[in-house]
J.: 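The following block contains the structure, expressed as C-alpha cells.
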Amino acid sequence: MINSGEGFRLPDQRNFELATQRTLELNRSRFLATQDFNKICQNSGAVFQPPFIQLEYFGFKVKVDTRNAAVTSPDTDLSLREEALILHYLLKADGTPVLHEQISFKELPEGANYQPVFYNRVLKGLIALYTADRAKLSLSALSLGGKKTDQADMSFLFQALPRLPLWLIFWQGDDEFPPEGNIIFDRSISHYLDTEAITEICQNLGHRLSQKTP
C-alpha cells in the first residue's frame with residue numbers, strides 16, 4: 001500500500017465501497033479543518049466563489065461546497081472515488097507550476113514497483129479499446145476534452161484537473177509487435193496527487209472513455 005500522507009487511500013479489500021466511503025469522509029474532514037480556502041485555490045488553480053470552490057475535472061464543471069465539503073457537478077455524475085480524489089487534489093496541491101517535462105509512471109515515487117499494477121488496472125483496458133476501434137476511441141477522447149497531439153501513432157492531451165495534464169499515447173504495432181499504449185505525466189504531478197491517486201485518476205479516464213465508446 002502506498003502511503004499517501006494526504007488522506008487518499010483506496011485499499012484492495014472485499015468491502016471496497018466502505019473503504020471508499022471512509023476515505024471520502026476523511027478527506028472531507030481534513031478539507032473542512034483547513035479553513036484557508038483562498039490558499040487551497042491559489043495552490044490548486046481552482047477558483048473561490050464563496051461558498052464554493054470551482055474547478056474542472058476532465059472538462060466537467062465541479063463545485064466543492066466549503067460548508068460541508070460536498071463535491072458535485074452539473075455536467076456529470078461523480079463517483080464516490082472521484083469525489084475523494086478531487087478533495088485529495090485540493091488538499092495536496094502546493095502551487096508548483098507545470099514543468100513541461102514528461103515522465104512515465106515508473107518515474108513516479110514507488111512507480112517502478114507498481115508498474116505491473118498500473119499496467120493491469122489502467123493500460124491493459126485502454127490498449128483493448130484502441131485495438132477494438134481506434135476511430136471510436138478517438139471520438140470518445142475528443143468528446144471528453146482530449147486534444148490531439150503528434151506523439152506516436154495516436155495521442156491526446158487531457159486536462160484532468162487545473163494543474164494536471166495527462167497524455168494518452170498509442171502505438172499501432174506491426175507484424176512483430178502488438179499495439180501498445182501509455183499515459184504520460186508532467187514531472188510536477190506528484191505535487192498534486194500521490195502515486196496511488198495517479199493510478200486512480202488514470203483508471204477514471206479509462207472508465208469514462210469506455211463509457212463514451214459505443
Side-chain angles (χ1 to χ4, degrees), residues 8 44-47 54-64 71 73-79 81-90 92-93 96-108 111 118-119 121-172 179-214:
F8 191 94
S44 67
V47 176
Q54 301 189 31
L55 66 161
E56 289 193 359
Y57 171 71
F58 287 113
F60 300 115
K61 295 179 180 178
V62 172
K63 295 196 302 184
V64 182
V71 183
S73 171
D75 299 333
T76 187
D77 292 329
L78 297 171
S79 68
R81 295 163 70 182
E82 288 176 311
E83 291 181 39
L85 187 143
I86 289 167
L87 288 173
H88 171 68
Y89 169 82
L90 293 173
K92 186 171 176 62
T96 297
V98 175
L99 299 175
H100 304 289
E101 298 176 21
Q102 293 184 337
I103 61 171
S104 66
F105 184 85
K106 64 183 179 182
E107 295 175 80
L108 299 170
F118 182 73
Y119 181 86
R121 287 174 61 181
V122 178
L123 297 182
K124 189 174 181 180
L126 287 169
I127 294 168
L129 289 176
Y130 174 71
T131 303
D133 196 321
R134 297 168 194 173
K136 288 181 180 179
L137 177 59
S138 179
L139 290 174
S140 299
L142 294 172
S143 70
L144 198 59
K147 297 180 180 179
K148 287 187 176 181
T149 73
D150 58 2
Q151 292 181 264
D153 294 309
M154 190 169 85
S155 57
F156 301 90
L157 168 61
F158 295 89
Q159 194 66 41
L161 287 160
R163 292 182 179 162
L164 210 155
L166 302 176
W167 288 266
L168 177 59
I169 301 173
F170 294 102
W171 294 265
Q172 64 183 11
E180 286 294 341
N182 206 353
I183 297 180
I184 303 298
F185 315 98
D186 186 80
R187 187 172 294 278
S188 62
I189 192 170
S190 293
H191 293 269
Y192 294 91
L193 296 177
D194 63 39
T195 303
E196 187 172 355
I198 292 168
T199 301
E200 183 72 21
I201 201 167
C202 292
Q203 275 190 286
N204 294 342
L205 172 60
H207 178 66
R208 288 184 174 273
L209 286 173
S210 66
Q211 286 184 320
K212 286 181 172 291
T213 302

J.: Parallel, tilted or perpendicular: which describes the rings of F158 and F58, with under 30° parallel and over 60° perpendicular?
T.: perpendicular
J.: Do the side chain of Y89 and the main chain of R163 share a donor and acceptor less than 3.5 angstrom apart?
T.: yes
J.: Verify side-chain contact (heavy atoms from CB on, under 4.5 Å) between L205 and V122, making sure each step is shown before the conclusion.
T.: CA-CA 9 Å; L205 172 60; V122 178; over 6 Å; no
J.: For H207 and Q203, run side-chain hydrogen bond (donor to acceptor under 3.5 Å, both in side chains): C-alpha distance rounded to whole Å, both residues' side-chain angles, the deciding distance at 0.1 Å, then the answer.
T.: CA-CA 6 Å; H207 178 66; Q203 275 190 286; over 6 Å; no
J.: Quick one, Y57 with D75, criterion side-chain contact (heavy atoms from CB on, under 4.5 Å). Give me CA distance, side-chain angles, the key distance, then yes/no.
T.: CA-CA 10 Å; Y57 171 71; D75 299 333; over 6 Å; no
J.: With rounding to the nearest 0.5 Å, note down the distance linking CG in L55 to CG in L164.
T.: 11.0 Å
J.: Run D194 and H88 through side-chain contact (heavy atoms from CB on, under 4.5 Å) and show every step you take.
T.: CA-CA 9 Å; D194 63 39; H88 171 68; 3.5 Å; yes
J.: Quick one: does D153's side chain have a donor or acceptor within less than 3.5 Å of a partner on Q172's backbone?
T.: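 Yes, D153 side chain to Q172 backbone: donor-acceptor pair under 3.5 Å.
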J.: Keeping the roles fixed (side chain from D186, backbone from Q102), state whether a donor-acceptor pair exists under 3.5 Å.
T.: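 Absent.
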J.: Measuring only between side-chain heavy atoms, which start at C-beta, is F156 closer than 4.5 Å to L137?
T.: no
J.: If I take atom CZ from residue R121 and atom SG from residue C202, how far apart are they, to the nearest 0.5 angstrom?
T.: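 Taking CZ in R121 and SG in C202, the distance rounds to 10.0 Å.
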J.: Might you point out which heavy atoms bring L123 and I183 nearest each other, and give the distance in Å?
T.: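 Closest heavy-atom pair between L123 and I183: CD2-N, 3.8 Å.
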J.: Indicate the atoms forming the closest heavy-atom contact of Y130 with W171, along with that distance.
T.: CE2-O, 3.6 Å
J.: Would the distance check show the side chain of N182 and the main-chain N or O of I169 forming a donor-acceptor pair, the cut-off being under 3.5 Å?
T.: no
J.: When you measure from the side chain of S188 to the backbone of T96, do you find a donor-acceptor pair of N or O atoms at a distance under 3.5 Å?
T.: no
J.: Using every non-hydrogen atom in the two residues, find where L85 and E200 come nearest and quote the distance to one decimal.
T.: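 Reported closest heavy-atom pair: CD1-CG, 3.6 Å.
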J.: Quick one: are Q159 and E56 in side-chain contact, heavy atoms under 4.5 Å?
T.: no
J.: Starting at CG of L108, measure out to CZ of F185 and round the result to the nearest 0.5 Å.
T.: 5.5 Å
J.: Nearest 0.5 Å, please: how far is CG in L193 from CG in L161?
T.: 6.5 Å
J.: Would you say S155's side chain and L168's backbone share a donor-acceptor pair under 3.5 angstrom?
T.: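 Not confirmed, S155 side chain does not pair with L168 backbone.
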J.: If every non-hydrogen atom of L126 is compared with every non-hydrogen atom of F170, which pair is closest and at what distance?
T.: O-CE2, 3.5 Å
J.: Supply the atom-to-atom distance L139 CG to L209 CG, rounded to the nearest 0.5 angstrom.
T.: 11.5 Å
J.: How close do G146 and L142 get, heavy atom to heavy atom, and via which atoms?
T.: O-CD2, 3.3 Å
J.: If you compare all heavy atoms of S73 against all heavy atoms of F60, which two are closest, and at what distance to 0.1 Å?
T.: OG-CB, 4.1 Å
J.: Can you tell me if S138 uses its side chain to pair, donor with acceptor, with the backbone of R134 under 3.5 Å?
T.: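 Flag not set: sc S138 to bb R134 has no pair under 3.5 Å.
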J.: Hey, does F105 have a side-chain heavy atom less than 4.5 Å from the side chain of T195?
T.: yes
J.: Evaluate side-chain hydrogen bond (donor to acceptor under 3.5 Å, both in side chains) for S104 paired with E107, printing each intermediate quantity in order.
T.: CA-CA 6 Å; S104 66; E107 295 175 80; 3.2 Å; yes
J.: Check whether any side-chain heavy atom of R208 lies under 4.5 Å from a side-chain heavy atom of T76, and answer yes or no.
T.: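 A side-chain contact exists here, since the closest heavy-atom pair is under 4.5 Å.
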